[in-house]
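Right, one structure below, let's go through it.
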Protein chains: 2
Amino acid sequence: MPEKSRAADRICSEIEQAIAMGAYEDGEKLNEVALARQFDVSRTPLREALQSLQAIGLVELIPNRGAFVRRPSMTRLVEMFELMGEMEALCVKLATKRITPAQRLRLQEAARGCEEALSEGRADDYYAANGRLHGVIYEASGNEFLAEETRRLLRRLSPFRRRQLDVTGRLRASMGEHAAILEAMDRGEAEAAADLMRVHITALSRTYDQYIAAVGPRAEAG
Amino acid sequence: MPEKSRAADRICSEIEQAIAMGAYEDGEKLNEVALARQFDVSRTPLREALQSLQAIGLVELIPNRGAFVRRPSMTRLVEMFELMGEMEALCVKLATKRITPAQRLRLQEAARGCEEALSEGRADDYYAANGRLHGVIYEASGNEFLAEETRRLLRRLSPFRRRQLDVTGRLRASMGEHAAILEAMDRGEAEAAADLMRVHITALSRTYDQYIAAVGPRAEAG
DNA sequence: TTTTCTATTTTTGTATACAATCACGATAGC
DNA sequence: GCTATCGTGATTGTATACAAAAATAGAAAA
């Protein structure tokens, strides 16, 4: 697999990772030439990467001033999760009314995938199936724009995710919540399903809290 | 007022306007050198502008392929408004519980501003006060991230807005809806206030429909 | 000491040059 | 005739050079 083209993208990912790992202080200024030297590229692709990072919200670009790291505080992560929960809840609410038979099948398939992966203790498979399940719900909302924005927020939260934390007892509980959501959807109870999803995401958020508390506001990168 | 620095920003605004006005076909490829010549700049700031436009969702950048115009269809605009309505409704729901006394004062001030502007027939003042009113609600949600994302979506919708369309009878109706929302908030009825806001935004969306229908999928820029 | 202005240095923004990749058409093979 | 391969031109990605703006430091004045 060639991992070549688009230096800008590669740099963006690396810096994203570094910021999430706490390698930079919040508000810290990023020096373009220094970073360019560090990644062994010119300033051109580096500046592109900085713009991409701004789109993700990890840096703020101030004209004629430079790029400043915007590392989300714990408060902000909670805020982001509050919105994530509401958006997923909205997806479920709309999906309950709009889901197509084909989508319902894929939803059930994903749910089965979660069950099997969990019973066999395959964490990676569980996360994959879990991702499919949520993805189908976004799609079934019938609002492609909402689906895109939800995926975008998910991606924005992902660098701060630590899967291992889920592996305790949370995984099994998560399964049960999925089942409850799907049942509510089957009964056509949109609001109930939405509420369950909101709680489901909020519960997820707590594992992030633990991560943040563990890593702290300032941690070293590998 | 100096309108100088940051050619990239200027270009971005101009292209944004052009796309909104229908100067480009959806899916049309944007040639970098041609655009650079057109705006009399080099490719460097032009490419920055294209990235900014991608962040707004008006173009899609495909690696090694180029920039392609993504003009929202009527369907997509409706989808965007559906989400906008839900986000504003969420802001109201949270604000009902979390609003501070100071914010409540500013909310009432903005509402008064709307009334006065309307009674005096000053449309511009109305839009300004209306913007303040919604802005205070975003802020009062107590979720700064939600507020930012809502503002971002508002900005993303704004190029497709045509104020004149509101001036018919919609303006007065809008006022009444504001009043109803604020009253529900005062009574602490979060869900009711949220529902009112959702309807309020949806009603707004219909004026956009009219605009789209009038301008058509392909219109000429000024 | 504090402030303000200025000269210098640093850093950002833009233009240009070069390299890599893609699109397209011609040609060869089946 | 159809497909595949290759070569050429066009287009995107990156590096470098230059211009403009801001940060810094130092000196002069209050």
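All chains are named by letter (A, B, ...) in the order of the sequence lines, taking the proteins before the strands, and each is independently numbered beginning at 1.
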Atom-to-atom span, [atom1] of [X] to [atom2] of [N] - whole angstrom:
X	N	atom1	atom2	result
B:F68	D:dT11	CZ	P	12 Å
A:D9	D:dT12	CG	P	16 Å
A:E32	C:dG13	CD	P	6 Å

> Taking DNA chain D as the partner, which of residues 56-67 of chain B come within under 4.0 angstrom of it by heavy atom?
Replying inline: B:P63, B:N64, B:R65, B:G66
> What orientation do B:H134 and B:H200 show, parallel under 30°, tilted 30 to 60°, or perpendicular over 60°?
Replying inline: parallel
With sequence neighbours left out, what residues match [X] under salt bridge (charged side-chain N to carboxylate O under 4.0 Å, His left out)?
X	answer
B:R70	B:E60
B:E88	none
A:E79	none
B:R37	none

> Do the charged groups of B:E116 and B:R122 touch, with an N to O distance under 4.0 Å?
Replying inline: no
> Thinking salt bridges, do B:E149 and B:R156 make one under a 4.0 Å N-O criterion?
Replying inline: no
>> Is the phosphate of C:dC22 approached by B:K29 (side-chain N or O, under 4.0 Å from OP1 or OP2)?
In response: no
>> So does A:E25 get a backbone contact from the side chain of A:E28, meaning a donor-acceptor N/O pair under 3.5 Å?
In response: yes
> In residues 40-52 of chain A, which residues come under 4.0 Å of DNA chain C by heavy atom?
Replying inline: A:R43, A:R47
